[in-house]
Amino acid sequence: MGETITPVRERWWKEAVAYQVYPRSFKDSNGDGIGDLNGVTEKLDYLKDLGIDLMWICPMYRSPNDDNGYDISDYHAIMEEFGTMADFDRLLEETHARGMRLILDLVVNHTSDEHPWFLESRASKDNPKRDWYIWRDGKNGAEPNNWESIFSGSAWEYDETTNQYFMHLFSRKQPDLNWENREMRTAVYEMMRWWLDKGIDGFRIDAISHLKKEPTLADVPNPENLPYAPSMVSHLNYDGLLDYVDDICGNVFNHYDIVTVGEMNGLDAVHAEEWVGENRGRLNMVFQFEHVRLWEPQAGLRPTPAVLKKIFTSWQEALEGKGWNALYVENHDVTRITSRWGDTEHHWRESATCIAAMYFLMQGTPFIYQGQEIGMTNTRFASLADFDDVSAKNKAKDLKRMGMSDAEIIAFLTRTGRDNSRTPMQWDSSPHAGFSTHQPWLKVNPNFEMINVENQLHDPQSVLNFYRQMIHLRKREKALVYGRYDLLLDDHEQIYAYSRLYGDERFVVLCNMSGKAAVWDEEALTLEGAQCVLANVAEWEEGYRLRAWEARVYKFS
Ligand code: NOJ
């Protein structure tokens, strides 16, 4: 100890605790079974009380809803089901009135096929907006290349008006914008400024890793001879992508005092600094995906503590003193973390809180996905008709074609599907979990009578109160914001342990990521002179032993 660490530059968004709202599932204020903006406003005091400073709201723009709002048909209007622009303005004002900030989802890899830009683009080959999207002739009576869409099937859709195909990396109702086109970029930048001038506090940038496509659009290797090649090498973090990012930052972001977080699938820690290095003037943070394996079937599998240590530590070390991490374990595209990494059957509360302490107290801005703070779990649907997600439905068709039974497909989607994290927020034990007075658009998780906010609000041992205590601890202790991360007990098979060092202050976070008691040697890590400042069990034994999924945080002074 006594070693002096140079703090990275202090910024409000580094000290903030962030919360992600999926508006369709958060709170329905008008009884139509669909969450809405007034529902979010209604719950601002709940978020404030939890200790939230920054809210990211998933797309609430006008949209035909093929991909629940990630297919935008009007960037300047609100989805009718969610309310009006006046409702949005009120949400922004009320958020600011509570000293909180609001960032929006910026979806500019693609629009909806119902966006007026695309309607013009598809109208004729010589339309001035033709080149705003990616159009190609077919090849030998088939698609222009063999790329697979991230949502299954070909990445191309035939359009008979002009006898050409357009590219869609996601659903066929989400045509990709052509970022090579300067006029398109100018229009997109104007839209960004329109929102920033309204007073929003920044953006989470959707699918930013896919903006750049390999210029010749050549076929990619398809060794297994599948109908389409699943490899993303030609459009995931492709060479030249950073030029687009520089253009966006130079033209728009750098002129505002905002926070930006890029959704950066495909990025590893080695290259992280290029994106968020503070001297680079690019993004403030990225959501990396190495620990959650977005779009991969392995996403449903539980990683060992060793794997988690390797991934998180590589990011912590790569950005120390250089840039800033976005910390998260859940979002609307991945399954619920307690179901995935924890043990919902035997140690639901302990594993939910242990995972929380493990990721939340590292260096970076922690994000909580709605419902994570009460330990919501994956759901169970009885029939294929219960699933809503466009990617799940496409996948189900593929699997059926391959000969899988409905039961097998349901089992696969239950393990991996995005609907798991999109079931309505569980507010209380009344019908529809207090989310709505009407049958919700997606079935409520049947466990809502046990897992809900109301049950947990006044229970000192609840997952919710653990989050609350942990958030307040982080707010009190600068070391937990800015302190350097060092992995401890590196080779321990059960315990994930690390320290945070800031000037003379030192914290140690200890998490037993397993269902069995775990011990360690005092010589490897002593707690002498330390005080336990947070634990996920009511009483703990002093000593070098943690029970199943036990987590403790120590302060050395
Ligand atoms: C990433 C978003 O988080 C996801 O929900 C969406 O389906 C795709 N991008 C396409 O916009």
Side-chain angles (χ1 to χ4, degrees), residues 18-26 35 56-73 75 79 82 103-115 118 133-134 147-153 155 157 166-177 179 188 203-213 232 235-237 241 260-267 283 285-289 292-296 299 326 328-336 367 369-370 372 387-395 413 416-423 441-442:
Y19 191 92
Q20 180 192 351
V21 168
Y22 194 69
R24 204 168 183 78
S25 306
F26 192 58
W56 151 33
I57 186 164
C58 287
M60 71 307 137
Y61 313 91
R62 182 141 313 155
S63 159
N65 243 326
D66 188 55
D67 185 21
N68 285 352
Y70 281 94
D71 48 319
I72 299 170
S73 55
Y75 287 106
M79 194 184 307
F82 289 175
I103 65 174
L104 299 189
D105 221 307
L106 179 66
V107 187
V108 290
N109 175 68
H110 46 267
T111 66
S112 161
D113 66 343
E114 297 182 32
H115 192 290
F118 187 73
Y133 294 83
I134 304 170
W147 297 6
E148 186 184 50
S149 151
I150 295 167
F151 287 173
S152 304
E157 182 74 3
F166 65 85
M167 182 189 286
H168 62 89
L169 293 183
F170 294 91
S171 98
R172 58 166 58 94
K173 285 188 65 63
Q174 292 170 299
D176 279 56
L177 286 163
W179 273 81
V188 164
F203 288 117
R204 172 261 187 189
I205 308 121
D206 184 69
I208 193 168
S209 21
H210 300 285
L211 299 190
K212 176 84 185 178
K213 281 81 177 169
M232 294 196 230
H235 59 79
L236 185 70
N237 201 1
L241 174 59
T260 54
V261 197
E263 191 207 22
M264 241 344 267
N265 197 17
L267 186 66
L283 303 181
M285 294 179 264
V286 287
F287 288 123
Q288 60 86 15
F289 286 88
V292 293
R293 312 192 70 160
L294 186 69
W295 314 129
E296 294 179 49
Y328 77 98
V329 287
E330 284 191 13
N331 67 31
H332 63 294
D333 291 328
V334 297
T335 52
R336 291 285 185 182
F367 284 73
Y369 176 66
Q370 67 183 43
Q372 179 190 323
F387 290 86
D388 164 83
D389 170 22
V390 57
S391 70
K393 287 181 180 159
N394 290 353
K395 189 83 199 165
L413 295 177
T416 58
R418 304 196 293 178
D419 288 311
N420 278 306
S421 53
R422 299 175 178 189
T423 60
W441 67 279
L442 188 66

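Both counts, for ligands and for their atoms, begin at 1 and track the order of listing. Quick caveat, the model's predicted, so the values are computed rather than measured.
Of the possible donor and acceptor atoms, none in the side chain of Trp147 sits under 3.5 Å from a partner among the backbone N and O of Leu169.
Aromatic ring centres of Trp56 and Phe287: separated by under 6.0 Å.
Checked against side chain to side chain contact (heavy atoms under 4.5 Å, CB included), Asn420 has the following partners two or more places apart in sequence or in another chain: Thr335, Asn378, Thr379. Phe166 pairs by the ring-ring contact (aromatic ring centres under 6.0 Å, His included) definition with Phe118, Trp135, not counting sequence neighbours. Under the rule for a side-chain hydrogen bond (donor to acceptor under 3.5 Å, both in side chains), His115 has no partner lying at least two apart in sequence or in another chain.
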Ligand 1: protein N/O within less than 3.5 Å of ligand N/O:
unit_1   : atom_1 : unit_2 : atom_2 : d
ligand 1 : 3 (O)  : Arg204 : NH2    : 3.0
ligand 1 : 3 (O)  : His332 : NE2    : 2.8
ligand 1 : 3 (O)  : Asp333 : OD2    : 2.5
ligand 1 : 5 (O)  : His332 : NE2    : 2.9
ligand 1 : 5 (O)  : Asp333 : OD1    : 2.7
ligand 1 : 5 (O)  : Asp333 : OD2    : 3.4
ligand 1 : 5 (O)  : Arg418 : NH1    : 3.2
ligand 1 : 7 (O)  : Asp67  : OD1    : 3.3
ligand 1 : 7 (O)  : Asp67  : OD2    : 2.5
ligand 1 : 7 (O)  : Arg418 : NH1    : 3.0
ligand 1 : 9 (N)  : Asp206 : OD1    : 2.9
ligand 1 : 9 (N)  : Asp206 : OD2    : 3.3
ligand 1 : 11 (O) : His110 : NE2    : 3.0
ligand 1 : 11 (O) : Asp206 : OD2    : 2.8

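Counting only N and O atoms by type, the side chains of Asp66 and Ser171 include a donor and acceptor under 3.5 Å apart.
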